[in-house]
Amino acid sequence: MLYKLIKKILFYLDPEKKQNLVLKYTKYIHRSPLKFLIKNKLPTKNIICMGLNFKNILGLSAGLDKNGDFIEIFDSMGFGFIELGTVTPNSQVGRKKPRLFYFPEICGIINRMGFNNYGIDYLLENIKKIKNINTRIGINIGKNHSTPLERAKEDYLICIKKAYLYADYITINISSPNTKNLRKLQFGVLLHELLKEVKFSQKNLCSLYKKYVPILIKISPDINDNELIQIADTLIHYKIDGVIATNTTICRTMLKETKYHEQGGLSGAPLKNISTNIIKKLNLELRGKIPIIGSGGIDSAESAKEKVYSGASLIQIYSSLVFHGVSIVKKIINEM
Ligand SMILES: Cc1cc2nc3c(=O)[nH]c(=O)nc-3n(C[C@H](O)[C@H](O)[C@H](O)COP(=O)(O)O)c2cc1C
């Protein structure tokens, strides 16, 4: 009821301003006696994945809390894990505004944010400040816009080294459509070189800190069967700990109207089947050797179950939280 009213009031604002405003005011609510409005009391449904115990299967996708400014808020919503980022070694402003577009009539979002973030150090300071949370923290990392592709791995290695002690898992984002050529890192020599270095770094950090932090790769839905097979083989070869399938899509064939042809990555309901198909194929190729985290258009317990039946061990949401509010977390976790 309250959520519907706020939604009506905010209807005319630019989506990015609206999103920032909602997050800011939710932070005030979280510190006030009205905290109960965003707090979900949920049953614990433990699940072990990548050697970690998660209190439930549902996580927050990367991109909504890029800088770790709202960790306690998403924790009180009941998420089993929260993926922060994407962060890069240095802060950057991202792409020109407007760069975020909501389409409530199709429950879809198009974004071309371009990794706007305050840099990994800022995020880590926020994590250090957190006192009492009851969820797992993933840190999603990327490369700076100014770093050439041939040197991208240096950015990932800087971030892994810095994030290692503070993350329950680290995600290598090589699938955003909004950083030029980033998706090329998913293929061939570039992928091999990146994963080799990443695993080497993980091994060294593990013996230094006596702590094993799983490293995940987040992949794009815009890949053909051959590319998918090659990616899966490479992930198995380097013993990558998990794969997030999928990021947003640049495909628009399911949407005929030109208003949806805004440049950027499409998420939410129109992405649902595309990402489920990738998960099914990936599941066949990975043969249970690497867990899959399903992301893309999950907006109900049914669509969450569909991802699990297709092979996902854990699931994440972003767009449906924007369109349906906090109650979606409760619905999915209760009905799973
Ligand atoms: C506005 C926006 C920003 C996003 N930023 C990131 C990001 O920084 N890193 C990332 O890995 N994914 C990012 N994503 C993709 C989401 O994490 C998620 O994979 C995708 O939206 C599909 O899930 P959904 O359909 O539940 O939204 C972003 C998505 C949106 C809508």
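All values below come from the heavy atoms of this structure, side chains included, with hydrogens, waters and symmetry mates left out. Both counts, for ligands and for their atoms, begin at 1 and track the order of listing. Since the model is a prediction, treat every value here as computed from it, not as a measurement.
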When you compare the side chains of [X] and [Y], does any donor N or O come within less than 3.5 Å of an acceptor on the partner?
X	Y	answer
Asp155	Thr147	yes
Ser76	Asn40	no
Ser303	Ser300	yes

Checking a contact table here: which protein heavy atom is nearest [atom], and how many Å away?
atom	result
atom 7 (C) of ligand 1	Thr86 OG1, 3.4 Å
atom 4 (C) of ligand 1	Gly63 CA, 3.7 Å
atom 21 (O) of ligand 1	Ser267 CB, 3.2 Å
atom 27 (O) of ligand 1	Ser319 OG, 2.6 Å

For His30, does the NE2 atom sit with more than 12 other heavy atoms under 6.0 Å from it, leaving out its own atoms? yes

Counting neighbours of NZ on Lys184 that are heavy atoms of other residues, nucleotides or ligands and sit closer than 6.0 Å, is the number greater than 12? no

With nothing but distance in play, are any N or O atoms of [X] less than 3.5 Å from an N or O of ligand 1?
X	value
Asn173	yes
Gly268	yes
Gln316	no
Gln19	no
Ala62	yes
Gly297	yes

Checking Arg252 side chain against Thr249 main chain: does a donor-acceptor pair fall under 3.5 Å? yes

Donor-acceptor pair, distance only, cut-off 3.5 Å: does the side chain of Lys39 make one with the backbone of Met77? no

Taking heavy atoms and a distance under 4.0 Å, where does Lys218 meet ligand 1: side chain, backbone, both or neither? side chain

For ligand 1, is any non-hydrogen atom under 4.0 Å from Leu271's backbone (N, CA, C, O), its side chain (CB onward), both, or neither? side chain

Check: of Gly108, Ser295, Ser320, min heavy-atom distance to atom 18 (C) of ligand 1 comes from Ser295

Report the member of Tyr318, Phe323, Tyr102 with the shortest heavy-atom distance to atom 26 (O) of ligand 1. Tyr318

Indicate the ring-plane relationship of Phe103 and Phe101, choosing parallel, tilted or perpendicular according to the 30° and 60° boundaries. parallel

Relative to the heavy atoms of Leu100, which atoms of ligand 1 are at a distance of less than 4.0 Å? 1 (C)

Checking Lys143 against Tyr156: charged group under 6.0 Å from the ring centre and within 45 degrees of the axis? no

